[in-house]
Structures are given as structure tokens and as C-alpha cells.
Amino acid sequence: MCGIIGVVGHSPVNQSIFDGLTVLQHRGQDAAGMMTCDGGRLYLRKNNGLVRDVIRTRHMLRLLGNMGIGHVRYPTAGSSNSAEAQPFYVNSPFGISMAHNGNLTNARELRDALFRADRRHINTDSDSEVLLNVFAHELGRRAELRLGTEDVFAAVAGLHQRVRGAYAAVAMIIGYGLVAIRDPNGIRPLCYGYRDSEDGREYMVASESVALDALGFTRVRDVAPGEAIYITTDGEVYARQCAEHPQHSPCIFEYVYFARPDSVIDDVSVHRARLRMGDRLADKILRVWPEQDIDVVIPIPDTSRTAALQLAYALGVQYAEGFIKNRYIARTFIMPGQKLRTKSVRQKLNPIPSEFAGRNVLLVDDSIVRGTTSGEIIRMARDAGARRVYFASAAPPVRYPNVYGIDMPAVDELIAHGRSEEQVAAAIGADRLVYQDLADLEASVRESNPRLGRFDVSCFIGEYVTGDIDHAYLAELSAERNDGAKAQRESADEGVPELHNVN
Ligand code: AMP
């Protein structure tokens, strides 16, 4: 998963992009980058690491210009090589750079076609570089010496015809402006807004509305699936539907886990959706387990708190904070190797024994993926003196990999793959396990926006909204994502100095 941002302003945008990326840091801690445009010059800083570590004062001083884009990266199927940090850049036509969130499912075919038919060189394994080159090629085919608005939209239409998968992207064209692009399924989020400065109206495009809020921008709306929004350096805004058959299918995992609760995505407050997940989970518990004997509901920090609080309220059971999280430890999920992950859970979360002693506790998490966290936390709850340990997941069983930009493990590393709910309960050591039903999860989100007809729920049901995922693709993905492959890549990846980097 990644976060993207783009700003067209009337004064230097480096600080706004830096601050916006920091607000989007939860979407990726692996690499960060910013590219700004000052007249005919581009300035770039990108590397592996957190925003504040990658972009230092000395870089900020040289990231000049009133227009720019930024990116935070979460590793997906590709490598964690620093040369794959974004934004990417191509010099023809005009000079274009791009930041992308998502994953293209036909990247390999596109890469071949770009090389053979379009005579373009791709320098990394990143599908984002592929996306940029497709856009550049489509633009180059149409534009004359000067770029017209129609050329921009025609290029996006051409891109939609060639590209499959998930892509929310912002492209910056030197001397012209920014183009926000969302795939025809609208899988990954993208919105835009404005802020009035003394010199006129400024615009921002961002993965999540929280970046707009934090910088004093007013959210206008989400970019529609298949739509392109072209914001010129003069502050003119043009919008056009560029896909032939857009069908909105946003990724439901954004609401479950990824997005910040204070964001609004596709007109749905993430916070409110999570509250409803708690409500519906409580309804299910009352339905399937009327004689429940839960003494206390304890969330697994942080994401599940919202759902857990509402669940406890709806059950009429006490809610308590039982685990204290150390914020300064690396995230467990992306650490390669099971041993490392297990050790890290213990370092990250510490129980408060008095909240557990002698009680039947219901632990609540947003989702169970590998089961590492859940299994370890259940053990910790027992060690802390709990009598019985029950577990509830605000999402249904995760049984299939995500191919649209979420770093899910290889399929056989998913604890619910090939297991019934009872078997998962036994595997993680829970006395009882309750999963949210998929229909309830969907209803939790849809309630705020009934126009959301379908969601991408592929990691629960194994059906992929782009319709192009076959067994061979999944097998390849699995080979790239298993722990062995990840460990090998970690040791092989050395930071490659970037041609245009501001060091
Ligand atoms: P586990 O079941 O041990 O794999 O851990 C599941 C926990 O990881 C849940 O609490 C989620 O909050 C979190 N999680 C779920 N999906 C992801 C993901 N793709 N990347 C990082 N963390 C995730």
C-alpha cells in the first residue's frame, strides 16, 4: 500500500508535500519521495525510510517550485530496493513524473509491449515505472508541440485501455500541471480539494482526505473511478470520465485496516464504518452465541479500537484497554520471517495483568491475516491471568492474497486459507472465535454511501474485480511473497544511487 499526494500552489509546495506525506505515513513506511517543479526544472529526493528521515532540511532547501508530487511506499509484490522509491520520471514527452498507489496485474505484458512496440526502457522491477511509461507513450502519441486538455484526457483513455489492476496515480507534467488518475474500478482511494491563498486558489490531490484536512484544504470530492482530473499550473481544473465501462469497486480493506479513521473515502467516514463493524459484530455474537459469558472486551491496538468500543457498548459489556503499545518499534507485519515477527509482537504489546486476571476476555482485532499477532496475543492474555480468551475479528477470514497493492503474505501463510473457522480458532489457541460476516462488513461501509454497489473483497472470497487473475498469476505472486523470497531480496537489495537525486 502506498500514499500519494500532489499540490499545485502559488508559493513553494515543498512544506505542504512534506507535511501531507507525514500525515499519509501510515500508508507506507518503507520509502518516501518528493519531486517538485520550478519552471523548467525538476527536483527530486527519494530514498528508503520514513518521510522525516529521507527528506531533511538540506533537501527541502533545494526542492524548489510551486508544483510537486510525493509518495510514501509500502512494499508490495516488487522489491524494497531504494531505486524503486517514487516518484519516477521520464523525459519525453515534456518531462513527466508520477506517484502511484496500487498494483498492475498485467505489468509483465505491458513491460514487454513497452520494450518491443513502444521502444521504451524500464529501469526497475516496479510496475509504477511501467504505468508512467504507458502514460508518457499515450501522451506522446497524441500531443503536438503544445499539450492540450483533450490530449491529456485521450492519453488517460488510452492508458485505461492498456492497463489492468489497481492504480490511483498523480502525474506531473512540466510546464502544464498535475493529472489525477483513478482506475476504472476505483480500487485505491484518491480525492482532491482546494485552499484559498492570498495569491489565489491552490489544489491538492491525495490518497486520503486526512492530508487535505491537515493542511487546511477543503475536500471537493473523490476522483471517480476511470476519471482524470487535470489541474493546470494556472489553477484551472478539468475533469473527464476516461473509461468506457467504469464500475466502482473500492477495496474494502481500506475501511477495515489501512486508512486513517479520520479520513473520508468515497463519501464514507472510515471511523463511522468501523463503528458499524463493531455494531454488526455484536449482533452476530448475540445471534450465534446467545449465552455468551464475556466479562470484558479488550481491543488489540490501534486499528480495532473503534470497532471494539462499539461492540462492547452494543453487548453491554465493559470495555478496557489491556495492551500497551510501544510506538517506536518497527511494524511486525512486514518483517520477514516468522520468528522475528513473533518476538516483535511481544516487544510491541505488553499486557496490564489486572485487566485480565480471572476474567473471560473478548479480544478484538480488525483482521486475522497470518495469525502471528493473534496467537501470540492470546498466549499473552492467558499468561496475564485471563480465565477464558475469546477472539473476534472485524473482518471475515482472509483466505486469498491481495493483488491490488496490499502486502498480503503468500497464500499458504494465511492462517485461514484451507481452514474452517473452528480450525483457525484452534490454531491461534482461542476458546472461541467469531468472524464478521462478509455481508455485514459490506453493509457497514455501504450504509454511508448506498451508491457503492460492489467492493473488492477478493482476499475473503478469491474473486478478483478486474477479472484477469488466474492460477498462474497467483502462483507467481506466491513465489514472490513467501518469507524465503522476501529474505533473499532483503539481503540482495542495496540502495542504488539515483541519477536525479538531491543528496
Ligand atoms: P496477523 O494475523 O498476525 O498476520 O496480524 C494481523 C494484524 O495485522 C491485524 O491486527 C491487522 O491490524 C494487521 N494487518 C492486516 N493486514 C495487514 C497488512 N497488509 N499489512 C500490515 N498489517 C496488516
Side-chain angles (χ1 to χ4, degrees), residues 1-3 25-30 72-77 80 101-103 166 187-188 251-261 270 274 277 281 298-308 323 325 327 329-349 363-381 391-417 419 421 424-425 427-430 433 435-436 441 456-460 477 481-483 486:
M1 188 62 62
C2 301
Q25 186 81 78
H26 62 285
R27 297 186 68 84
Q29 302 89 45
D30 191 49
V72 285
R73 184 186 69 188
Y74 191 92
T76 46
S80 52
N101 173 207
N103 184 52
I187 297 175
R188 303 263 73 95
C251 170
I252 210 157
F253 224 76
E254 292 278 351
Y255 298 96
V256 169
Y257 171 71
F258 261 103
R260 268 181 49 155
V270 174
R274 287 185 188 158
M277 288 174 210
L281 202 47
I298 294 182
I300 296 174
D302 289 312
T303 316
S304 73
R305 281 207 178 100
T306 322
F323 293 102
K325 183 171 171 177
R327 295 176 190 288
I329 195 158
R331 293 178 75 175
T332 54
F333 196 89
I334 51 177
M335 287 186 170
Q338 192 66 9
K339 263 204 186 127
L340 216 74
R341 272 191 293 266
T342 306
K343 178 166 163 266
S344 172
V345 175
R346 288 255 168 186
Q347 289 176 351
K348 193 165 92 177
L349 290 176
L363 303 179
V364 181
D365 208 347
D366 53 85
S367 57
I368 304 172
V369 183
R370 277 195 177 87
T372 323
T373 318
S374 338
E376 200 53 37
I377 285 175
I378 289 170
R379 259 190 298 281
M380 284 161 67
F391 204 95
S393 163
V398 174
R399 294 206 159 101
Y400 302 91
N402 182 288
V403 301
Y404 300 125
I406 296 184
D407 184 33
M408 291 265 177
V411 68
D412 49 6
E413 292 170 12
L414 296 170
I415 196 158
H417 185 78
R419 283 195 176 94
E421 296 187 12
V424 176
I428 63 175
L433 170 63
Y435 274 114
Q436 182 93 266
L441 174 61
D456 171 58
V457 292
S458 49
C459 60
F460 308 122
L477 195 75
R481 287 188 183 178
N482 69 42
D483 274 343
K486 275 188 185 160

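Start at 1 and go down the list; that is how both ligands and their atoms are numbered.
Every atom of ligand 1 is numbered from 1 in the order shown, and the set under 4.0 Å from a heavy atom of S374 is 2 (O). Listed by number with element, the atoms of ligand 1 under 4.0 angstrom from any heavy atom of S367 are 6 (C), 9 (C), 10 (O), 11 (C), 15 (C).
Taking all atoms of both residues into account, the shortest heavy-atom contact from P397 to E421 is CG-OE2, 4.0 Å. Of all non-hydrogen atoms in S458 and Y400, the two that sit nearest each other are O-CB, 3.5 Å.
Checking only distances, D366 does come within under 3.5 Å of ligand 1, N or O to N or O. Where the criterion is an N or O separation shorter than 3.5 Å, residue side chain and backbone included, V369 meets it with respect to ligand 1.
In this structure, the side chain of R188 does not engage the main chain of C251 through any donor-acceptor pair within 3.5 Å. Counting only distance, with no hydrogens or angles, the side chain of N103 and the backbone of V403 share a donor-acceptor pair below 3.5 Å.
Distances from atom 21 (C) of ligand 1 to the heavy atoms of Y74, F253, F258 put Y74 nearest.
Residue I300 places no heavy atom under 4.0 Å from ligand 1.
Residue contacts with ligand 1 for D407 involve N, CA, C or O but no side-chain atom from C-beta outward (heavy atoms, distance under 4.0 Å). Under 4.0 angstrom from ligand 1, the non-hydrogen atoms of T373 come from both its backbone and its side chain. Only the side chain of I406 comes within 4.0 Å of ligand 1, judged by heavy-atom distances.
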(request) For F253 and V398, run side-chain contact (heavy atoms from CB on, under 4.5 Å): C-alpha distance rounded to whole Å, both residues' side-chain angles, the deciding distance at 0.1 Å, then the answer. (result) CA-CA 10 Å; F253 224 76; V398 174; 4.2 Å; yes
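Just one residue in the list K325, R274, K348 forms a salt bridge (charged side-chain N to carboxylate O under 4.0 Å, His left out) with D302, and that residue is K325.
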